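Notes follow once the structure below has been shown.
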Amino acid sequence: NDFDFSEAHLNMLGYQLMARNRVDDAYEIFKLNLTVFPNSGNVYDSFGEILLVKGDTAQAIANYKKSLEHDPTNNNAVEVLKRIDVFK
């Protein structure tokens, strides 16, 4: 009853797991967040980040682009895509 399943809380939990090198657990939390909040640019951004950590660059790019579809002001997604040479 006390667990907060809000977008922000799930995102925070995912990043906490990443910080503890629990990459697979973080992946599952970010994936859950994406399932529950499929219209959030921030959730796609975070999922893109965990995909990069897992080495899945192609899917990370797709998720960062999806993030920009939902939130064109997401400068982080733009910067990451520039850094991996998608946007020049």
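These values consider heavy atoms only, across backbone and side chains, with no hydrogens, waters or symmetry-generated copies. Predicted model, so just to flag it, every value in this text is computed and none were measured.
Judged by distance alone, the side chain of N33 and the main-chain N or O of E7 form a donor-acceptor pair under 3.5 Å. Side-chain atoms of Y44 do not come within 3.5 Å of backbone N or O of E69 as any donor-acceptor pair. In terms of modelled atom types and a separation under 3.5 Å, the side chain of Y64 and the main chain of E49 share a donor-acceptor contact. Although no hydrogens or angles enter the test, the distance criterion places a donor-acceptor pair under 3.5 Å between the side chain of S67 and the main chain of G41.
No single ILVMFWY cluster, assembled from side-chain heavy atoms under 4.5 Å apart, contains both I50 and M12. Residues V43 and V53 are members of one and the same hydrophobic cluster, defined by side-chain heavy-atom contacts under 4.5 angstrom among Ile, Leu, Val, Met, Phe, Trp and Tyr.
Atom CD1 in I29 sits 13.0 Å away from atom CG in L34 (nearest 0.5 Å). In this structure, the separation between CG on D24 and CG on L17 is 10.5 Å, given to the nearest 0.5 Å. In this structure, NZ on K66 lies 16.0 Å from CD1 on I61, to the nearest 0.5 angstrom. Atom CD of Q16 is separated from atom CG of N11 by 10.5 Å, given to the nearest 0.5 angstrom.
When side chains are defined from C-beta on, D45 does not count as touching N63, because their heavy atoms never get closer than 4.5 Å. In this structure, V80 and R83 have side chains that are in contact, with non-hydrogen atoms separated by less than 4.5 Å.
By the side-chain hydrogen bond (donor to acceptor under 3.5 Å, both in side chains) test, T35 pairs with no residue at all, sequence neighbours left out. F30 meets the ring pair (Phe, Tyr, Trp, His ring centres under 6.0 Å) test with Y15; sequence neighbours excluded. For the side-chain hydrogen bond (donor to acceptor under 3.5 Å, both in side chains) test, residues two or more places apart in sequence or in another chain that qualify with S6 are D4.
Smallest separation of non-hydrogen atoms from S40 and H70: C-CB, 4.2 Å. Considering all non-hydrogen atoms of both residues, F37 and L10 come closest at CE1-CD1, 4.4 Å.
T73 and D71 form a side-chain donor-acceptor contact under 3.5 Å, judged by distance and modelled atom types alone.
Under a cutoff of 6.0 Å and an axis angle of 45°, K31 and F47 do not form a cation-pi pair.
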Next on the checklist: Using side-chain contact (heavy atoms from CB on, under 4.5 Å), reason through L51 and Y27 one step at a time and then give a plain yes or no.
Outcome noted: CA-CA 8 Å; L51 288 165; Y27 173 87; 3.9 Å; yes

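The residues R20 and D25 are annotated as not salt-bridged, no charged nitrogen and carboxylate oxygen being separated by less than 4.0 angstrom.
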